[in-house]
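What follows is one structure encoded as structure tokens, with my remarks underneath.
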Amino acid sequence: MTANLRDEIIYYTSYRMNFWNCNRPCFDKNLYFLLPALFKHPSIHPSQPPRRAMSSSSTHNSSSRALRIGIIGFGPFAQFLSKTITKQRHQLQATSRTDHSQLCARMGITFFSDVGEFLESGNDVIMISTSILSLSEVLKTIPFHRLRRPTLFVDVLSVKEYPRASLLQVVPEDSDILCTHPMFGPESGKDGWEGLNFMYERVRVRDHETCSSFLQIFEKEGCRMLEMSCEKHDKLAARSQFIAHTIGRVLAEMDVDSTDIDTKGFESLVQLKRGTERDSFDLFSGLFIHNRFAKQELENLGLTFGKIKERLLQRMEEVETTNPAENSTRDEN
Ligand code: NAP
């Protein structure tokens, strides 16, 4: 029996067991004998595979092909993504402001110092991984007229409404646009991408096969695929990622570091500080400047900090008035 057939059997049979509301969480190999009966049921005939209810992605059943992927902006994040993308046998080439040709040669990636030649080299996908702050400047330098054929443009910037609007303005009408945010980086993804969030919006997609093959790079690594609008992403990210980066930067400014008596909570804070320090300040400022929801969150953070400080001082005053003895003890210390 081939591995594929065995997977199919396990898949169909475990699906059927859910259908019976069976309590056993795993498929038992001894249940192979159920197969003939299972395949007679119209709802689970192999020609009509059931959709996997747990998956949030719609790319599961589509085929994947090797892609020729060009990267614009070969900084730390693009280098990190490239290792996994090449492992999956896609062909990579890159162009960047800085000359990364030696590093690229070591990684088996063709480097172009001329953006025009890069565009003419016939990519299926062009992935933009420049800093948020340099995006508009970088887009201005791209001679789109030198594209040989319709191409899928993908961005991986950590804000989403801004690249969406910028790409819609400049990408030729016959080319597609996919906006994505792999919500992990060289540190959080160093041991693999299993279970890490990958957000995307199909902004303008006609070539579904190429788009789906690109998304499958992340799906195959076990990412949690989240299709949502760029607007919703920015709203959520301002309250989560931006707040995390800001707190991390505050801790770094305070020179907070491990002590001999760390609690688990404090260990997480030190980790947060180290993680955010590794990201460039350009990245952090981009999260603020180009996410219209971030300003409000920064305001809230400042106001809330003030409120909490106020409550603590108020409480201290209450304790001191009701029990002046405690006040004198503290002063002695
Ligand atoms: P970054 O500091 O945000 O961006 C570095 C990249 O931007 C490099 O390729 C650099 O080119 C290019 N760049 C910077 N200023 C430029 C300019 N004036 N003109 C042309 N190119 C310029 O660091 P990063 O971590 O590599 O991030 C790249 C993108 O991925 C960002 O948009 C970020 O939001 C996104 N992202 C990062 C992470 C992460 O964990 N790091 C996670 C998800 C998404 P050269 O190398 O040629 O100088």
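Just so it is clear, the model here is predicted, and its values are computed rather than measured.
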Worksheet entry | Any pair counted as ring pair (Phe, Tyr, Trp, His ring centres under 6.0 Å), so long as it reaches residues 171-190, sequence neighbours left out | H181-H233, F184-W193
Fill in: Residue list, ring-ring contact (aromatic ring centres under 6.0 Å, His included) with F293, at least two apart or on another chain
none
Practice prompt. Among residues two or more places apart or on two chains, list those pairs meeting salt bridge (Lys or Arg N to Asp or Glu O under 4.0 Å) that have a residue in residues 72-89.
Written response: K87-E221
Discussion item. Would you say R68 and N123 are linked by a side-chain donor-acceptor pair, where the criterion is simply a distance under 3.5 Å?
Written reply: no
Item to complete: Under 4.5 Å between side-chain heavy atoms, chaining through other members, with only Ile, Leu, Val, Met, Phe, Trp and Tyr counted: pull out the rest of the cluster around V256, sorted by chain and number.
Response: I243, I247, V250, L251, M254, F266, L269, V270, L272, L301
Discussion item. For D262, give me all partners under salt bridge (Lys or Arg N to Asp or Glu O under 4.0 Å), at least two apart in sequence or on another chain.
Written reply: none
Practice prompt. Not counting sequence neighbours, which residues clear ring-ring contact (aromatic ring centres under 6.0 Å, His included) with F305? List them please.
Written response: none
Fill in: All salt bridge (Lys or Arg N to Asp or Glu O under 4.0 Å) counterparts of E120, not counting sequence neighbours
R146
Fill in: H90: ring-ring contact (aromatic ring centres under 6.0 Å, His included) partners, not counting sequence neighbours
none
Worksheet entry | Counterpart residues, ring-ring contact (aromatic ring centres under 6.0 Å, His included), relative to H245 (two or more places apart) | none
Worksheet item: Under the salt bridge (Lys or Arg N to Asp or Glu O under 4.0 Å) test, which residues partner R315, sequence neighbours left out?
Response: E318
Worksheet entry | Test side chain to side chain contact (heavy atoms under 4.5 Å, CB included) applied to K232 - qualifying residues, sequence neighbours left out | M228, S229, L236
Worksheet item: How would you list, by chain and number, every residue that makes a salt bridge (Lys or Arg N to Asp or Glu O under 4.0 Å) with E187, sequence neighbours excluded?
Response: K190, R278
